[in-house]
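Here's the structure we're looking at; comments come further down.
Below, chain A is the first sequence line, B the second, and so on; all start at residue 1. Everything numeric here is computed off the predicted structure, so don't read it as measured data. Only this structure's heavy atoms are used, side chains among them; waters, hydrogens and symmetry mates stay out.
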Protein chains: 2
Amino acid sequence: MTLLIRAEKKQQTRQALLDAALTLMADGQGFSAVSLREVTRQVGIVPAAFYRHFPDMDALGLALVEQVSSTFREAIRLVRRNELEQYGAIHASVRIFAEYVVAYRQHFLFLAREQYGGSAAVRQAINAMQRDFITDLEADLALSPRLSHLGPEDYEVLASLVVKTVFTTLPELINPHESDQPDSRSPAHQLEDKLRFILIGAKHWRGIKARTDGD
Amino acid sequence: MTLLIRAEKKQQTRQALLDAALTLMADGQGFSAVSLREVTRQVGIVPAAFYRHFPDMDALGLALVEQVSSTFREAIRLVRRNELEQYGAIHASVRIFAEYVVAYRQHFLFLAREQYGGSAAVRQAINAMQRDFITDLEADLALSPRLSHLGPEDYEVLASLVVKTVFTTLPELINPHESDQPDSRSPAHQLEDKLRFILIGAKHWRGIKARTDGD
DNA sequence: CAACTCAGTCAACAGTTGTTCACTAAATAT
DNA sequence: ATATTTAGTGAACAACTGTTGACTGAGTTG
């Protein structure tokens, strides 16, 4: 039967290759430790067939970044939608985000692992993505009347701080019990508090001139 | 001549193995992508000789964590000493720390790369080290009269936020020009501001009950 | 001086890796 | 109906990997 035309079927095994790479990474190893042959073996095709889809493992990695990036954007979209409708913005945002991370844990695991990881190309791509997020958030923050006392450079630093805080929390959100410490708050709750610290700090920010003389 | 006794010479090539691993990593790849043979080749010994020093590449990695950890502790010691003597605590602390990072860039590069990187054993060891730093800082913060209004759990979250902020800034401190963006502040200056945001937030922290009703 | 310890050598092993080439057969195009 | 495109096959390649065992010779010890 020809229910699946050729192009369709091709894209299907291409996706299988991407998923296989993520799955192999989930078992502990980093992306650059996943071999081309492992990936094809997992999909069930012969190694040479890999080249019909990607010239390189690095190309596979870049495609992965693109895909994971869109997952992340969807998460942001969800968080933003809720932000407008609800009170307790931080609490609700973090809850929604944390749920989304758990649902797409392989994607976010990839992001967390490879943001400083092995392949230079992948690392660079993730960095560029992160920078886009920061720019977006920067524009967002600039619209808030509560933060109108900040300068343009302050927005940039603040946005960077928020985004990187979220990124570093990803491993804990994904593996809630890996870093076992007895009587502390849940990862999501901790992230909440961290964002609160930062935003309270932004609210009381007095500009670069007033260095430390007042506190 | 027997200027170098045997144990001394052994420890010397052991150190050469550790340095070789760091050097090979500095050329872009992650630790788990560095092979046993590459390391021995760089040192100038035969692969089999590796086993006289480490049972495993993982063991080499753990030794590396220990060594880098002590470098980091020395940096903290320097920062602390200065903190007591100078005004403008954050500015001076960051400057000293940033200089130390540049001086030992290979060590801090290892830390930044492998904190979420490939080898599970190394990742876990770095995580434990990070947790130690957080605990130390927690105790430190608890001594500050400016932060006496915080609860015990608040100290933990705050310390974690500070330490992780420093860790995520490491790549930028090491490679000041990799993330080229035109007209923004230097990485060290950005880190300064980030810490300021956080500490101002801590100063105005009103406890967990006052969620968002006041701002 | 003799006995011993042991860091490093040498050669070989079984696996795995990325990449190549000519090929098949089904889907598409003419 | 015929010709073309192309996702996937199968075999082979050179290179590299971690690990082994028996060895050598300088450093140490009694």
Show me the protein contacts with nucleotides 19-26 of chain D, counting only N or O atoms at under 3.5 Å.
unit_1 : atom_1 : unit_2  : atom_2 : d
D:dT19 : OP2    : B:Tyr51 : OH     : 2.7
D:dT19 : O5'    : B:Tyr51 : OH     : 3.2

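- Taken residue by residue, residues 13-28 of chain B places heavy atoms nearer than 4.0 Å to DNA chain C at B:Thr13.
- Formation of a donor-acceptor pair under 3.5 Å by the B:Ser70 side chain with backbone atoms of B:Gln67 is found in this model.
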**Request:** Using a 3.5 Å limit on both pairing distances, list the dot-bracket string of DNA chain C from the 5' end; Watson-Crick and G-U wobble pairs count, crossing pairs take [ ], interstrand pairs take |.
**Result:** |||.||||||||.||||.||||||||||||

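- Looking at B:Asp154 and A:Arg185, a side-chain N of the basic residue comes within less than 4.0 Å of a carboxylate O on the acidic one, giving a salt bridge.
- Across the protein-nucleic acid pair, B:Lys10 atom NZ and D:dT28 atom C1' stand 14 Å apart, rounded to whole Å.
- A:Arg105 has its side chain within reach of A:Asn175: a pair of non-hydrogen atoms, C-beta onward, lies under 4.5 Å apart.
- Between A:Arg41 and C:dG18 there is no side-chain polar atom (N or O) within less than 4.0 angstrom of OP1 or OP2.
- When the C1' atom of D:dA7 is taken as reference, atom CZ of A:Phe50 falls 14 Å away, rounded to whole Å.
- Residue A:Glu38 is in sugar-phosphate contact alone, with no base atom involved, counting any heavy-atom pair closer than 4.0 Å across all strands shown.
- If you take NZ of A:Lys9 and C1' of C:dA25, they are 12 Å apart, rounded to a whole angstrom.
- At least one side-chain heavy atom of A:Met57 sits less than 4.5 Å from a side-chain heavy atom of A:Val34.
- A salt bridge does not link A:Glu38 to A:Arg41: none of the charged side-chain nitrogens sits closer than 4.0 Å to a carboxylate oxygen.
- Under the 4.5 Å side-chain criterion, counting only non-hydrogen atoms from C-beta, B:Ile198 is in contact with A:Leu161.
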**Message:** Evaluate A:Tyr104 against A:Phe108 for ring pair (Phe, Tyr, Trp, His ring centres under 6.0 Å), listing each step before the verdict.
**Reply:** CA-CA 7 Å; A:Tyr104 288 83; A:Phe108 288 93; 7.2 Å; no

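- Judged by distance alone, the side chain of B:Tyr51 and the main-chain N or O of B:Asp56 form no donor-acceptor pair under 3.5 Å.
- Distances were taken from every side-chain heavy atom of B:Ile45 (C-beta onward) to each of D:dG8, D:dT17, C:dT9; the shortest belongs to C:dT9.
- Here the two rings, on A:Phe167 and A:Tyr116, have centers that are 6.0 Å apart or farther.
- Rounded to whole angstrom, the span from the CD atom of A:Glu8 across to the C1' atom of D:dT6 amounts to 17 Å.
- Atoms CD (B:Gln12) and C1' (C:dC6) sit 17 Å apart, rounded to a whole Å.
- The shortest distance between side-chain heavy atoms of A:Arg113 and B:Arg123 falls below 4.5 Å.
- Counting to the nearest Å, the P atom of C:dT17 and the CD atom of B:Gln29 are 17 Å from each other.
- One atom, CG of A:Asp58, and another, P of C:dG18, lie 12 Å apart when rounded to the nearest Å.
- In this structure the side chain of A:Leu111 reaches within 4.5 angstrom of the side chain of A:Phe72, judged on heavy atoms.
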